[in-house]
Amino acid sequence: MRICFYVLFWVIQAPFLVTAQNDFGTIGPKEGIHLHLNKTTFIQGERLWFKAYIQDEATKLPSFETTNLYVGIFDAGGEELKRKLYYVESGMARGDFSIDSTLVNTEYTIRAWTNFMQNFEGYKPFEQRIKIVKDTVDQDSAKINMQISVFPEGGQLIAGAYNNIGILLSNGLRQGVAADNLELIDETGRIIQGNIATNDFGMGKTGFVVDADKKYFLRRQGRRLPTIRQELPEASRGQLGMNIENNGKDKVLLTLIASQETFLEKDGDTHTIAFYQDDFIRFEDMEVNETATVLSIDRKELPHGILTVVLFDTELRPIAYRMFFNHRNTGRIGPNLEIDHCLTEFGDSLQIEMILPKGIKDEINLSLSVLPNQSESYDPDNSIVSSFLVRPYIKSYFQDHYFFQGQDRRKRYELDKRLLIEGWGKYDWDSRKLEEVRQKFTMETGIPFEGRVIDADLNEEQQVSLVAELSGAFRFEELQNDKSFKGNMVLFEGDSLKVSLIGKKGKLREPKAELWFQDSDSAPLNYLATETLKRQVTLLENPAAMEGPLNIDSRIIALDEVIVTEKVTTQKKFQISALVEGRLIDDDEIRKTPAVSSYILKLGFLIFGNGGELGIYVRKPPGFVRVPVSIDGMFAQPGELIGMPLSSVRFFTFSKDRNGPFIAIGLNPNYVPPNQRNKFAKFAITNGYARPQEYFSPNYPDSDQQIFQSFGALYWKADVAVNAEIPTTINIPIKGQGTMRLFMEGMTVDGGLITQEERLDVR
């Protein structure tokens, strides 16, 4: 046995192991997507909130190239019902959908994709099933048709050797079934192995010595369901196979298996082993001995995550294959957060403090969902860890998040069974030989636009200035000989783009112009699920028990959509803490109160002279307390506020607490002084990015009712920055709960991943 020193040469000679080339130059990286939803089961009238994480699959880092993420809701037939385009910054985005009366069924799928990822054969968008609770929940009426599937380790049974086999027990609803009464029998009915068990996902594993002259079957005898039997594939004679032992802490063991006659026949032959993951590949030679040959690989010499191992014969033909997960200490799964909590002063909220363990250098950006302890509404198919470490390599549907929640030795063993069943996974060895990828879909950056200035004097005016009115994004573009211009910018729906001509001396003037935005429908989802993913249900032995509606204890009352919608449109006030408030300034407020000084009085502060000095005050009997004021973080004199227009302000943050009052003013970056106005032509942005809503809690009828305990929500926050130096503090409304559950997912700038669940006792 020896390590092959021709690895580097192979990589250089094999173009499929490096970035593929095509007529359009180097194609960019593949992208992985994960959505962390606040819930997966909703009541009509609520909103679905999500945080999107996008990864560059080549570097395993947040994607810094991707800016455009498409997210849609699809029905069971694959028809798109809702779609939005979201802006991605540093590999992250946040968004929301209204769960309104247009969603009339109980189950849907939310999907997320980019335009560029559709270039790759076998790609799939991110998918998560969501459920809408109705008065009754109809079970699927599909016929129960129990099935046993068998997956020999390495892809085939080897005659005369001890073989491991993976087992999948499923029903007509494409769901795994737990059982403990499977039997391995031969053609005479003799039991070889009894009481073979499958877990909740229907997965099991067993092993036995295969006699080349016998047929074997897996059998399950049901008490009320018919007995089912599945024949195992015919064993290969004179062939080598392999077993992987993946339970060791530091080593992965690969054992060649064969009959004694085959080992004697091939004694001295050299076979080749390949370990690969994405662009990583490592070859090793194994010289066959008269007895079983074992190869030991140090985990530190292999990348973290899923690898595929392939056994080649002396003619370099693949004859066995297997996927396994390399757990090693330097992996990308980050440490758990340290969380402390206490009641706030007024007892209506729980204050939690989150911090990373000491010694962790990278800050993590995470999303946080908080639900009642008894909630049944959070059942995701994937965590951020499984979305990025597992889903890119597999082709079958499983709830992969299970394997990374509180991972221990047992779950690692079950994950190994999962990958044994997966076989080749999404990409077999031949698929790696694809030398050319046709780039039909572009890597989108920003919102593309094209325009033309009709009245430009190209001798004097050769540039246009473009400014987004609300977001403040700006760009300069050159005019072409036909007076046209084009480019792309970060533009949001509901905003407007101001276009101005720039003369040689920098003078601006309003042009006669035309402007077109790219239609987002130019990036369709070129994918339709081939199977409808059903939510896990308990399979009863009695088929009749699966028929008819499943009643739920409390009647479901849809939340008032009118109230919810109204709250979204009027969400100008927000409570930062018990003592600190905020106000967003919009056009309606500017019309009512044109001056900053008048608005400060409206907030309940006092403005008057004291000892010949103008100041802002709050009452503190028997006198007054002066209020410090800052503008964009800089201390300001009260006199600066006199005559200051409210249109120049974006938001106020303030506290009227007599022990520590303050006013912080954030300026509007899009404020245009009077002498600069009327120099732009404005165009409404119709196909820009969706503007995410700020989270708000729905108007639940009663937080004490079972419906709230089972399906209600307490809190959601999409962007939480946590480091190892200073605790991050968040206040969560209690709403009468004694215990609450926290679900957190996040990613660091270097690709570290975290998924964590906590239960907090409010008392």
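Values below: every heavy atom of this structure, side chains too, minus hydrogens, waters and symmetry copies.
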Flag this pair as yes if the NZ/CZ of Lys411 is under 6.0 angstrom from the six-membered ring centre of Tyr402 and inside a 45 degree cone about the axis; otherwise no. yes

Regarding Asp750 and Lys60, does a basic nitrogen lie under 4.0 Å from an acidic carboxylate oxygen? no

Among residues at least two apart in sequence or on other chains, which ones pass side chain to side chain contact (heavy atoms under 4.5 Å, CB included) with Ile754? Leu337, Ile364, Gln756

Quick test of your reading: applying salt bridge (Lys or Arg N to Asp or Glu O under 4.0 Å), list the pairs with at least one residue in residues 384-396, sequence neighbours left out, ordered by first then second residue. Arg391-Asp400

Indicate whether the side chain of Ser369 and that of Tyr715 have a donor and an acceptor atom separated by less than 3.5 Å. no

Does Lys84 NZ have over 12 foreign heavy atoms under 6.0 Å away? yes

Ring pair (Phe, Tyr, Trp, His ring centres under 6.0 Å) filter on Phe492, not counting sequence neighbours, yields Tyr689

Partners meeting ring pair (Phe, Tyr, Trp, His ring centres under 6.0 Å) with Phe404 (sequence neighbours left out): Phe325

Mark yes when over 12 heavy atoms from residues, nucleotides or ligands other than Arg410 sit less than 6.0 Å from its CZ; otherwise mark no. yes

Consider side chain to side chain donor-acceptor pair (under 3.5 Å). Of Ser387, Ser367, Ser383, which one does His36 pass it with? Ser367

Got a sec, which residues hit side chain to side chain contact (heavy atoms under 4.5 Å, CB included) with Asp180, two or more places apart in sequence or on another chain? Ala197

For residues 368-394, the ring-ring contact (aromatic ring centres under 6.0 Å, His included) pairs (sequence neighbours left out) are Tyr378-Phe743

Any donor-acceptor pair under 3.5 Å linking the side-chain atoms of Ser375 with those of Lys39? no

